[in-house]
Amino acid sequence: MSSRPIRTRFAPSPTGSLHIGGLRTALFNWMFARQHGGQFILRIEDTDQKRFDPTALQTLIEALRWCGLSWDEGPEVGGALGPYVQSERLAHYHRWANWLIDQGKAYKCFCTPERLEQVNREKAARKEPPGYDRFCRSLTPEQIAEKEARGEKYVVRFKMPLEGQTIVHDLIRGDVAFENHTIQDMVLLKSDGFPTYHLAVVVDDHLMEITHVMRAVEWLPSFPLHVQIWQAFGWQMPQFAHLPVILNPNGKGKLSKRNPPRDKHGHVIPVFVHDYMQAGYLPEALDNFLANIGWNFGDNREVFAIAEAIERFDLGRINPANSTFPTEKLDWLNGEHIRRLSATDLAQRLRPLLAAAGLAVNDATLMQVVPVVQTRLKVLNDVVDLAGFLFRDPAAFAAPAADILIQKKLDAATTRRLLEESIRLIETGSAFDHASLHEAFKALAETLAVSNSALFGTLRVAVSAQAISTPTFETMEILGRDETLRRLRLALPVVS
RNA sequence: GCCCCAUUCGUCUAGCGGUACAGGACAUCGCCCUCUCAAGGCGGAAACAGGAGUUCGAGUCUCCUAUGGGGCACCA
């Protein structure tokens with residue numbers, strides 16, 4: 001086995017936003033490289049001009065960086081074996097395609113798309129599998145010269161062996177055998193001069209000295225083709241691992257933007273990394289989550305930092321079976337990671353969200369709010385609904401409606417009395433921290449012969465104007481004595 | 001239609017011939033805690049797709065069937 005330094009790559013095509021499944025592929029390649037002290041390369045496969053999206057590269061880079069991935073070579077960072085964008089590497093593909101033709105391992109095909117369609121129609125009528133009939137494979141040099149002289153456009157096709165089988169080795173599944181005659185003479189170079197994936201991936205992985213390729217199982221069927229191309233070139237192959245795909249939780253097929261997946265409550269499950277960024281998921285949680293699909297930490301540990309996972313990562317322990325996107329687990333994991341954050345760290349992540357919601361974020365208040373919301377957030381954005389009222393202009397505060405103010409088993413008159421007694425207590429009391437308030441109001445509930453639930457709930461809603469909110473006394477402490485009193489008084493007319 | 005891959009609780013998974021009346025997690029249900037919502041604690045229910053083999057012994061190996069998935073482009 002070779003002792004080449006480990007080099008892996010992630011090679012997306014810039015056709016849109018980064019897909020969550022793509023991120024997992026990137027993550028595994030990156031973890032593997034980091035584990036072995038090797039290099040991770042980002043390569044852009046923009047050989048399909050029809051699907052090219054000029055904004056995709058920036059979006060992609062942003063998403064990868066947000067997740068904590070870093071590449072040693074690629075766009076933005078350069079490298080000795082670049083360029084790392086395939087559209088800038090056309091000369092390489094032409095050179096090696098021509099080399100294959102010279103060696104008799106590939107040929108020019110002048111068949112028009114119309115003829116190809118015709119061939120497939122006829123094959124379909126005869127109930128044969130679709131595919132090119134290899135018409136141009138047997139063209140004479142004279143015929144070829146003639147067509148070229150006439151300026152006919154051509155593609156370059158690979159001369160697939162017609163007999164025997166190709167045995168490929170996958171790190172996850174072991175050896176897999178394919179009959180050569182079932183594999184077509186695939187196009188290597190398109191008539192527009194751009195390579196197809198099949199040519200570009202082999203040439204680039206070789207030139208960039210890639211040692212390990214982790215890619216989606218979708219590629220397994222074309223793996224024997226790639227092996228044949230590698231052998232035609234006589235180059236040393238990387239090792240391959242075909243990663244299981246993530247399936248749509250409700251419907252059929254793999255997770256994709258068409259056929260939007262939905263969870264059991266009917267909510268759409270996002271498929272783009274950017275959706276998760278915007279929804280208030282932590283990159284730590286997303287990485288943890290993705291590393292847990294098809295691979296596991298071991299020791300029955302579900303929650304871990306990606307740095308820990310890198311130490312333990314093991315290609316041989318990847319589960320070969322596809323898996324359904326376990327969306328509820330991500331929510332749980334996100335909560336776990338939120339709870340593991342330090343107060344200042346959480347505050348920093350919350351600040352921009354509150355600001356974006358149009359709230360005036362005061363740092364002192366924020367630091368008081370953080371410990372109160374930390375166990376209550378599923379996603380960061382939840383903070384706006386839960387505790388946004390603590391940052392709103394007091395002048396804009398409106399007393400709650402009676403239906404949420406009046407607690408279960410209470411009526412308006414009793415509620416009013418609870419409020420009045422509470423106001424009196426606060427006016428005469430001294431300490432205004434939540435622990436002292438809690439004690440004082442427990443005593444009040446007892447003297448008034450009402451449950452804690454009734455009294456505390458009334459106060460909480462009076463002061464927050466929300467049915468669901470931060471706890472009563474912490475909320476009061478954050479609001480301060482004056483504002484608390486003001487809000488309790490504002491609630492009186494509601495129950496008069 | 002043809003080729004390939006896969007198949008353990010609802011879901012993500014552990015298991016790599018005997019230590020297993022199959023372990024963990026999410027979700028779910030019950031109880032506790034509790035001012036709402038969470039968090040936390042305790043407990044319950046819940047799986048080897050089916051059938052043949054191989055073997056003293058099979059969740060683990062082989063084959064068949066079924067089911068799921070992927071591929072069959074001048075897309076990646």
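Every heavy atom of this structure was used, including side-chain atoms; hydrogens, water molecules and symmetry mates were not.
The pair A:Arg340-A:Glu284 does not count as a salt bridge, with every side-chain nitrogen at least 4.0 angstrom from each carboxylate oxygen. Between A:Asp133 and A:Lys123 there is no salt bridge, since none of the side-chain N atoms of the basic residue sits less than 4.0 Å from a carboxylate O of the acidic one.
Among the atoms of the strands shown, only primed sugar atoms or phosphate atoms (P, OP1, OP2) are found under 4.0 Å from some heavy atom of A:Phe178. The residue A:Asp299 sits apart from the nucleic acid: no heavy atom pair falls under 4.0 Å. At a threshold of 4.0 angstrom between heavy atoms, the contacts of A:Pro320 are confined to the sugar-phosphate backbone, with no base atom among them. Residue contacts shown for A:Pro326 are limited to sugar-phosphate atoms, with no base heavy atom under 4.0 Å away. Residue contacts shown for A:Pro244 are absent, as no nucleic acid heavy atom lies under 4.0 Å away. Across all strands shown, A:Glu302 has heavy atoms under 4.0 Å from base atoms, whether or not it also approaches the sugar-phosphate.
Across all strands shown, B:C16 forms no Watson-Crick or G-U wobble pair with both key distances under 3.5 Å. As the counterpart of B:A6, B:U67 is assigned, both hydrogen-bonding distances of the Watson-Crick or G-U wobble pattern falling under 3.5 Å.
There is a side-chain donor-acceptor pair under 3.5 Å between A:Arg460 and A:Ser469.
No N or O donor and acceptor, one from the side chain of A:Ser13 and one from the base of B:A76, sit under 3.5 Å apart. Applying the 3.5 Å distance criterion, the base of B:C35 shares no donor-acceptor pair with the side chain of A:Ser453. For B:C5, the base has no donor-acceptor partner in the side chain of A:Arg173 [N/O atoms by modelled type, under 3.5 angstrom]. Judged by atom type and distance alone, A:Ser323 does not reach the base of B:C12 through any side-chain donor-acceptor pair under 3.5 Å.
Regarding contacts with the backbone of B:C72, every side-chain N or O of A:Lys123 stays at 4.0 angstrom or more from both OP1 and OP2.
Note: A:Tyr281 and A:His337 fail the aromatic proximity criterion, with ring centroids not under 6.0 Å apart. Ring centroid separation for the pair A:Trp219 and A:Phe240 does not come in under the 6.0 Å cut-off.
Of the two residues near RNA chain B, A:Pro221 and A:Asp175, the one whose nearest nucleotide lies more 5' is A:Asp175. Heavy-atom nearest nucleotides on RNA chain B were determined for A:Pro130 and for A:Arg24, and the one closer to the 5' end corresponds to A:Pro130.
Closest to the side chain of A:Asn300, from the set B:U36, B:C12, B:G23, is B:G23. Residue A:Leu220 has its side chain nearest to B:C4 when only B:C4, B:C74, B:C35 are considered. Of the candidates B:U36, B:C26, B:G40, the closest approach to any side-chain atom of A:Glu336 belongs to B:G40.
By the 30° and 60° cut-offs, the orientation of the rings of A:Phe297 relative to A:Trp295 is perpendicular.
B:C72 atom C1' lies 13 Å from atom CZ of A:Arg157, rounded to whole Å.
Taking the C1' atom of each, B:A27 and B:A46 are spaced 12 Å apart, rounded to whole Å. Straight-line distance between the P atoms of B:G51 and B:A14: roughly 25 Å, to the nearest whole Å. For the C1' atoms, the distance from B:A22 to B:C48 is 8 Å, rounded to whole Å. As rounded to the nearest Å, B:G15 and B:G23 have P atoms that lie 15 Å from one another.
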